[in-house]
There are 2 protein chains.
Amino acid sequence: MIHFILNTKIDVLNWKILKLLQENARESFANIGRKVGLTPPAVAERVKKMEDLGVISGYKAVVSHSHTGYQLKAIITLRAFMGKLRPFLEIVNTYEEVVNCYRITGNENIIMLVVLKDQFHLEKFIDKLIQYGETRTHIILSDVVSNAPIKKREV
Amino acid sequence: MIHFILNTKIDVLNWKILKLLQENARESFANIGRKVGLTPPAVAERVKKMEDLGVISGYKAVVSHSHTGYQLKAIITLRAFMGKLRPFLEIVNTYEEVVNCYRITGNENIIMLVVLKDQFHLEKFIDKLIQYGETRTHIILSDVVSNAPIKKREV
DNA sequence: GGTGAAAATTGGGAATT
DNA sequence: AATTCCCAATTTTCACC
């Protein structure tokens with residue numbers, strides 16, 4: 001299997017549409033059309049094409065962690081024991097605390113962003129992880145940048 | 001200033017609505033209503049209220065990094081030099097490479113998720129950071145969990 | 001582009017607590 | 001009394017040709 005073109009060419013109009021949809025995914029095609037100078041069907045066609053190409057992979061409501069009972073956030077790194085990485089990767093999807101999880105290079109294998117109710121919840125969660133490896137926990141003090149939108153980068 | 005209720009009570013119907021909107025933020029109120037057993041205005045009213053309360057903080061199109069020219073992702077931690085944390089916090093919003101940035105406890109002050117075109121881009125970006133502190137870089141090998149939806153947690 | 005179908009929105013009223 | 005829902009009508013948006 002060969003990837004011919006991964007970096008799809010996106011013109012200035014599509015970047016404008018992407019900007020608007022990243023700011024408000026529920027914006028109507030009519031409104032978007034007014035702002036970028038296209039008719040609603042033209043916007044719909046462009047959006048559809050970007051969905052099909054995979055440029056847009058979905059639309060998500062952003063739900064506040066703190067308003068839904070998760071007042072504590074932490075970064076946890078995991079250095080997996082021999083033979084324990086695979087089992088961890090297979091189970092991590094079922095942990096509702098885990099919002100993001102990446103495999104990384106370096107001394108640790110895994111880095112996670114987790115949300116928790118309180119420090120007791122954190123303690124219980126770390127207890128669940130110790131069977132897979134050594135963990136290191138950093139409490140998040142504040143969000144400086146949260147899922148910043150992707151913008152066109154000058155080349 | 002006193003926070004009386006941060007953890008808003010969310011009933012089972014609103015959790016269903018939140019689930020659907022996290023899966024597809026562009027789902028119509030009519031469709032949501034059919035799935036949860038409400039009329040469109042009732043859904044709209046509940047969603048509006050959750051927006052006002054801050055339970056829903058927005059709706060975002062998810063744009064693929066790899067399809068927009070960012071083939072490389074990395075986690076970078078920063079241990080800021082004396083007096084350099086504040087200036088960094090004020091400028092980090094302008095770095096388009098930075099998708100997420102958190103202040104954390106521990107040996108490092110800052111942890112970031114960044115997206116990059118290639119290793120040359122990474123090198124240039126790290127060069128921009130060295131004036132603020134010591135950095136440590138972990139290349140992301142794969143996404144195991146990506147912005148998992150928030151679900152109701154059993155108490 | 002233009003037309004018919006579907007959805008959003010608004011206002012008002014009824015039922016539940 | 002406050003909240004939440006439904007119904008009906010208007011406006012807007014969507015989708016198909």
Side-chain angles (χ1 to χ4, degrees), chain A residues 8-71 147 149-150, chain B residues 1-64 67-68 149-155:
Chain A
T8 318
K9 264 279 157 280
I10 300 172
D11 66 15
V12 75
L13 233 48
N14 274 359
W15 273 115
K16 285 184 186 176
I17 294 171
L18 284 178
K19 178 173 189 291
L20 293 169
L21 283 175
Q22 286 181 96
E23 287 167 1
N24 177 15
R26 289 187 66 81
E27 188 91 79
S28 71
F29 295 153
N31 262 337
I32 294 170
R34 277 178 216 113
K35 291 175 184 174
V36 305
L38 286 176
T39 60
V43 176
E45 193 183 0
R46 280 169 170 267
V47 170
K48 176 85 166 55
K49 185 171 270 180
M50 287 195 283
E51 289 171 1
D52 292 344
L53 286 171
V55 175
I56 298 173
S57 66
Y59 305 92
K60 286 189 180 180
V62 182
V63 175
S64 160
H65 298 134
S66 64
H67 284 77
T68 49
Y70 302 91
Q71 268 81 2
N147 291 321
I150 296 295
Chain B
M1 178 171 172
I2 300 168
H3 276 217
F4 280 97
I5 300 173
L6 237 175
N7 183 1
T8 318
K9 265 279 158 281
I10 300 173
D11 66 15
V12 75
L13 232 49
N14 274 358
W15 273 115
K16 285 185 186 173
I17 294 171
L18 285 178
K19 178 174 188 291
L20 293 169
L21 283 175
Q22 286 181 97
E23 287 167 1
N24 178 14
R26 289 185 68 81
E27 187 89 80
S28 71
F29 293 154
N31 261 339
I32 294 170
R34 277 179 216 113
K35 291 176 183 173
V36 304
L38 286 176
T39 58
V43 176
E45 195 181 2
R46 278 169 170 268
V47 170
K48 175 85 166 55
K49 184 170 270 181
M50 288 195 282
E51 291 171 359
D52 291 343
L53 286 170
V55 174
I56 298 173
S57 66
Y59 306 92
K60 287 190 181 182
V62 183
V63 174
S64 161
H67 284 77
T68 49
I150 295 296
K151 286 170 286 193
K152 178 176 174 52
R153 230 192 108 65
E154 314 310 322
V155 187

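Quick note on labels: first sequence line is chain A, next is B, and so on, each numbered from 1.
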Residue among Lys19(B), Arg46(B), Lys16(B) satisfying side-chain contact (heavy atoms from CB on, under 4.5 Å) with Val36(B) | Lys16(B)
The residue among Leu18(B), Leu21(B), Asp52(B), Asn14(B) that forms side-chain contact (heavy atoms from CB on, under 4.5 Å) with Val47(B) is Leu21(B)
Quick one: [X] [atom1] to [N] [atom2], roughly how many Å, whole number?
X	N	atom1	atom2	result
Ile17(B)	dT4(D)	CD1	P	12 Å
Leu13(B)	dC5(D)	CG	P	7 Å
Glu45(A)	dC14(D)	CD	P	15 Å
Lys48(B)	dG11(C)	NZ	C1'	16 Å
Glu27(B)	dC14(D)	CD	P	14 Å
Leu53(B)	dT3(D)	CG	P	12 Å
Asn31(B)	dC14(D)	CG	P	14 Å
Ile32(B)	dC5(D)	CD1	C1'	17 Å

Of all the choices, [options], which nucleotide is nearest to the side chain of [X] once you look at every atom?
X	options	answer
Lys49(B)	dC7(D), dT3(D), dA7(C)	dT3(D)
Leu38(B)	dT3(D), dC5(D), dA7(C)	dC5(D)
Ala42(B)	dT3(D), dA8(C), dC5(D)	dC5(D)
Phe29(B)	dA8(C), dC7(D), dT4(D)	dA8(C)
Arg26(A)	dA8(C), dT3(D), dC6(D)	dA8(C)
Pro41(B)	dA8(C), dA8(D), dT4(D)	dA8(D)

Which part of the nucleic acid, if any, lies within contact of Pro40(A), taking any heavy atom under 4.0 Å across all strands shown: a base, the sugar-phosphate backbone alone, or nothing?
-> nothing
Residues at least two apart in sequence or cross-chain that pass side-chain contact (heavy atoms from CB on, under 4.5 Å) with Thr39(B), listed by chain then number, are Pro41(B), Ala42(B)
N/O (side chain, Arg46(B)) to phosphate O (OP1/OP2, dC6(D)) under 4.0 Å | no
dT13(D) phosphate, OP1 or OP2, under 4.0 Å from Arg34(A) side-chain N/O | yes
CZ (Phe29(A)) and CD (Glu45(A)) are apart, to the nearest 0.5 Å, by 11.5 Å
Donor-acceptor under 3.5 Å (Arg26(A) side chain, Gly58(B) main chain) | no
